[in-house]
Structure formats: C-alpha cells, structure tokens
Protein chains: 2
Amino acid sequence: VIDPALHQMPDEEFDRLTDHGGRLAQSVRGLVAAVIRSAVSSDELDAVRREVEALTARLQAEEVSGSVGIQANSAGQLRAWGNPVIGIRNALAPPIKVELDGKGGVWAECVLGGQYEGPPGHVHGGISSLLLDHVLGEGAHAAGRSGMTASLTLTYRKAVPLGPVRLEAELAPADQQPAEPYKAVMHGRLLGGPDLHLCVEAEGFFVLPKWARDRQAADEVS
Amino acid sequence: VIDPALHQMPDEEFDRLTDHGGRLAQSVRGLVAAVIRSAVSSDELDAVRREVEALTARLQAEEVSGSVGIQANSAGQLRAWGNPVIGIRNALAPPIKVELDGKGGVWAECVLGGQYEGPPGHVHGGISSLLLDHVLGEGAHAAGRSGMTASLTLTYRKAVPLGPVRLEAELAPADQQPAEPYKAVMHGRLLGGPDLHLCVEAEGFFVLPKWARDRQAADEVS
C-alpha cells in the first residue's frame, strides 16, 4: 500500500543513513532520558539547550522533505526509519524489532525506561496500547492479512512495571475471522515484570481499505 | 493515589527545573525530528552523535534517582514532568495540556509532526491511542471519577493527517455508568485535519483500585 518510488534512494545512501543515523538516534534516546532526570544548575541546563539547538541546525543543513516515516531501497525493501515504534532513526521508538514466531504469530521484546513512565515506576497505559497497535498490525501482515487498524480493544489486567516487556500477536481462531479475506481479527498481549507475566490483552480488527485492494488487483493484472 | 512525600522537593528547585528543564526538553524535540530527516555526511552524523553523548554526560552529572514521572511541590501540587503525553520535560511528549471545557469534559490540542508518523503523512494509530488513553483518564479525574484504565476501545474512522489534532473526553451518559462510584465509563475522540474532523473514537472503562479506595477512606477518617 506504499509507493516505493516516492521514497526511493540509492542503496549506499540508504545503508549509511540506516547505520550512522541509527547510532545517532540511539544516542538521542539517552539524552531524552537524561533531560527528564537531570538536576544540574539552571545555567548548565541553558548551556546544554543552546548546544542542542546548534546540533539541530547542523543536522538540518541537509535533510529530506516530505514524509520520512518509510523509505525504500532499490530492491523495494521498506524501512520505517521514522516510525515511533520500530523506527531506528526515531528516538521516540524503543525501538522494537518484530520477529516471526514460526507458528504464524509474531513477537518482540524491549526494555522500557523512565521516558515511558505513567504511574510511578510503571509504564503509561497508552504506551502499552501504542506498542500493541503496532505489533498486532505487523502480525496481520505476517499472516497475509495486511490492513489498517479499524478497531482495537485493550484490557489492562495488571500495571506494567518499567523494565523488560514482551509483545505477542497472532490471528484469532478461525471461527472468529470474518469471511472477507481483506479483514482479520488479531489477538495479542503484553507481558511484563521480571517473570514476564500477562499485563495487557489486545484484540484488533484490521481491514485493507478498498483503494489498496483495487491497487493490489491492478498490480496482479499488470 | 500518589504519595507526594516520596517525590517532594523545595519549590524553588521545582520551579527552576520546570522552567529551564522544560525549555531544554523543547529543544530536544527539535533534535529528535532533525535526526529522522537529516541527510548530512556520515562523518557529520558521527560527530553530532559524539556531541550528544557529551551533553548527556553533562546532564547526568547531577540527577534524581528512582521514579521521575511525577514530582510534587510544597503545596502537594503534582506535576507529571516525565509523562510521555503531558510531560514538559519528556521530549517524547508533544506535550499536551488538558483543559476543562466548562461542561464537565476536557480537551487538549497539539500539532503532531514527523516523529509521530505511521502511514506516510499520517499519525501512527498507536499514537492516537496513547493520547486518547491519557485524555480519557484525565477526563475521569476531572469528573471526580479518578481511576486506572481497565479497558479501552478505539474505533478508527479515518486516517489522522500529521498536523493539528484535538482531543476531547467526557463521562458517558448516566444510563451507561456502573452503579459503583469508583468506576466510570468515559467517551472521547480525536479530531484531525485542517477542519478538525472526527478521526478516532474511544470508549474507556476506569476503575479506582481497592488499595487506593482503602487509602482514600483512611485519609478521610484521619
């Protein structure tokens, strides 16, 4: 459903920005966490701010315009660099890497630190929903049922401690699936705490929009 | 449900960190966006990364330990500095400021840029759920029905364009409310696009946990 031509760049450029840009974003994750916790003097906070503004200007000396959420290499491989869940160049993203579980489902693990905190010592409930929305969507794609989230229901069983979390998703049982092949019901969950116990359950309904189905049909004909 | 004593600091310290720390976090928001878009040389990306690491170390020279999501001033006012939705010192947060609408509900507005992108040019569905989870929770608090999110259902009507969004939440009609005063059903929505049309609807079920009700009762007695 993405037009790679719109976002294509030479492979060498793609690879170097993934590598060097990814390491830069990782350093900014550390900066984000330090800004929340720092208790240095007001003068020092202001001095650091001026340096951050100067670094931002240096990065802006050359930049891509338009949508940056997804880029493609020459093979048409898509990389969601700027995605707030999986984007390796987006300091907001933990980032997670969604893996196939070999049984038709997907999983991912990450460690959530202070910048994801809602109730003291615990992950903000909305962060759990952000991660689950994404993992259920990737699970639908992995199951051959790509689509946009039409609805998502989250059931919060236990507060999620800051620290390691595991996310899982798979197609709901066949008797819960709609008849149309472009719709899918996904189940998923977030496990947390040192023992990775069940904290949040998710059920998502995914639908491939009509314009995307029409385009798929056209691609198959051409 | 938070013990202010655990997070208290002198008012002067509280105010200066809010002010100077908040401005620093705002500058880091610009840096996060620039990292995603930058196409400067690999050497320059590496040089900026080393500078970011040095700034992080300067901020870490003095920092608070433990939970930083919520701090209190001497009046017991709580400030969620590190919150990923409203935290003015958290560069992940837009941040939003939730306001009373004068009719029992709440609203907030913000502008979502490239670091919140999922589908090209559009807000990641999970970001909509992150913001709605928080606004519905604040709406429950404003309506005198504070609680934790027990469940949240999001219905995605239209893709949300990057740009201005408005969030609203209020108690669901009385005939949809549970009998117990420590439970609440909230309705909310995200409006987006230049005309702020309806994009996402949310229904949330909030429950104040038993330990918090017991503590409230003890506070009222003492």
Side-chain angles (χ1 to χ4, degrees), chain A residues 2 16 20-21 23-25 27-28 30-32 34-40 42 45-46 48-49 51-53 55-56 58-64 67-70 82-85 89-92 114-117 120-121 124-127 129-130 133-134 149-156, chain B residues 2 16 20-21 23-25 27-28 30-32 34-40 42 45-46 48-49 51-53 55-56 58-64 67-70 82 84-85 89-92 114-118 120-121 124-127 129-130 133-134 149-156:
Chain A
I2 308 302
R16 81 166 185 89
H20 297 267
R23 285 206 294 263
L24 171 58
S27 74
V28 176
L31 180 65
V32 168
V35 167
I36 300 172
R37 256 174 217 288
S38 186
V40 299
S42 300
L45 290 170
D46 291 350
V48 170
R49 171 172 53 78
E51 300 257 10
V52 167
E53 289 165 353
L55 294 177
T56 302
R58 279 169 66 178
L59 294 174
Q60 288 172 333
E62 196 174 341
E63 57 178 8
V64 300
S67 166
V68 289
I70 298 181
N83 186 287
V85 177
R89 286 182 66 192
N90 188 337
L92 271 58
Q115 64 265 52
Y116 301 104
E117 189 177 30
H124 192 293
I127 293 293
S129 72
L130 165 64
D133 172 87
H134 194 92
T149 318
S151 70
L152 180 69
T153 296
L154 302 144
T155 306
Y156 294 87
Chain B
I2 307 299
R16 81 165 185 88
H20 297 267
R23 285 207 294 264
L24 171 58
S27 75
V28 176
L31 180 65
V32 168
V35 168
I36 299 172
R37 256 173 217 288
S38 186
V40 299
S42 301
L45 290 170
D46 291 350
V48 171
R49 171 172 53 78
E51 300 257 13
V52 168
E53 288 165 355
L55 294 176
T56 302
R58 279 169 66 179
L59 293 173
Q60 289 172 333
E62 195 173 341
E63 58 178 6
V64 299
S67 167
V68 289
I70 299 181
V85 177
R89 287 182 66 192
N90 188 338
L92 271 58
Q115 63 266 51
Y116 300 103
E117 189 178 29
H124 192 294
I127 294 293
S129 72
L130 165 64
D133 173 87
H134 194 92
T149 318
S151 69
L152 181 68
T153 296
L154 302 144
T155 306
Y156 294 88

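So that the names make sense, note that chain A is the first sequence line, chain B the second, and so on, each numbered from 1.
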Asks: Counting only non-hydrogen atoms closer than 4.5 Å, does B:Ala91 touch chain A with its backbone (N, CA, C, O), its side chain (CB onward), both, or neither?
Replies: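 For B:Ala91, backbone and side chain are both near chain A.
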Asks: Can you tell me which of B:Ala61, B:Ser151, B:Pro84 forms the most heavy-atom pairs within a distance under 4.5 Å of chain A?
Replies: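 Option with the top pair count is B:Pro84.
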Asks: Determine the minimum heavy-atom distance between B:Leu24 and A:Val52, stating which atoms define it.
Replies: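 Shortest heavy-atom contact: CD1-CG2, 4.3 Å.
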Asks: Taking every non-hydrogen pair under 4.5 Å, which of A:Ser42, A:Gly30, A:Gly21, A:Ala25 racks up the most with chain B?
Replies: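 Highest number of heavy-atom pairs under 4.5 Å: A:Ser42.
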Asks: Output the distance between atom CD1 (B:Ile127) and atom CG (A:Leu92), rounded to the nearest 0.5 Å.
Replies: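 Here the rounded value is 6.5 Å.
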Asks: How long is the gap from OG1 on B:Thr149 to CG on A:Leu154, to the nearest 0.5 Å?
Replies: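 Reported to 0.5 Å precision, the distance equals 9.5 Å.
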Asks: Any side-chain heavy atom of A:Glu117 within less than 4.5 Å of one from B:Asn90?
Replies: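 No. Closest side-chain heavy atoms not under 4.5 Å.
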Asks: Looking at every non-hydrogen atom in both residues, tell me the closest pair between B:Gly118 and A:Asn83 and how far apart they are.
Replies: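 Of all heavy-atom pairs spanning B:Gly118 and A:Asn83, the closest is CA-ND2, 4.2 Å.
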Asks: A side-chain contact here means heavy atoms from C-beta on lying under 4.5 Å apart; do A:His124 and B:Asp133 qualify?
Replies: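 The answer is yes, as the side chains (C-beta and beyond) meet within the 4.5 Å cut-off.
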Asks: Could you tell me which portion of A:Asp46 (side chain, backbone, both or neither) has an atom closer than 4.5 angstrom to a non-hydrogen atom of chain B?
Replies: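 Side chain of A:Asp46 only, per the 4.5 Å heavy-atom cut-off to chain B.
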Asks: Of all the heavy-atom pairs spanning B:Leu130 and A:Gly126, show the shortest one and how long it is.
Replies: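 Smallest interatomic distance, heavy atoms only, reads CD1-C, 3.4 Å.
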Asks: For A:Ala150, which atoms come within 4.5 Å of any heavy atom of chain B: side chain, backbone, both, or neither?
Replies: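 For A:Ala150, the contact with chain B is made by the backbone alone.
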Asks: How many angstroms lie between atom CD1 of A:Ile36 and atom CG of B:Leu59, to the nearest 0.5 angstrom?
Replies: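 Output value for this atom pair is 11.5 Å.
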Asks: About how many Å separate OG of A:Ser38 and CD of B:Gln60, when rounded to the nearest 0.5 Å?
Replies: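 Nearest 0.5 Å value for the CD-OG distance: 8.5 Å.
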Asks: Roughly how far apart are A:Leu45 CG and B:Arg58 CZ, rounded to 0.5 Å?
Replies: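 Taking CG in A:Leu45 and CZ in B:Arg58, the distance rounds to 10.0 Å.
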Asks: Identify which of A:Val28, A:Val48, A:Val85, A:Thr155 forms the greatest number of heavy-atom pairs closer than 4.5 Å to chain B.
Replies: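 That would be A:Val48.
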Asks: Could you tell me which portion of A:His134 (side chain, backbone, both or neither) has an atom closer than 4.5 angstrom to a non-hydrogen atom of chain B?
Replies: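 Both parts, backbone and side chain.
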Asks: Tell me which of these, A:Glu53, A:Glu51, A:Arg49, has more heavy-atom pairs under 4.5 Å with chain B than the rest.
Replies: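 Greatest number of close heavy-atom pairs with chain B: A:Arg49.
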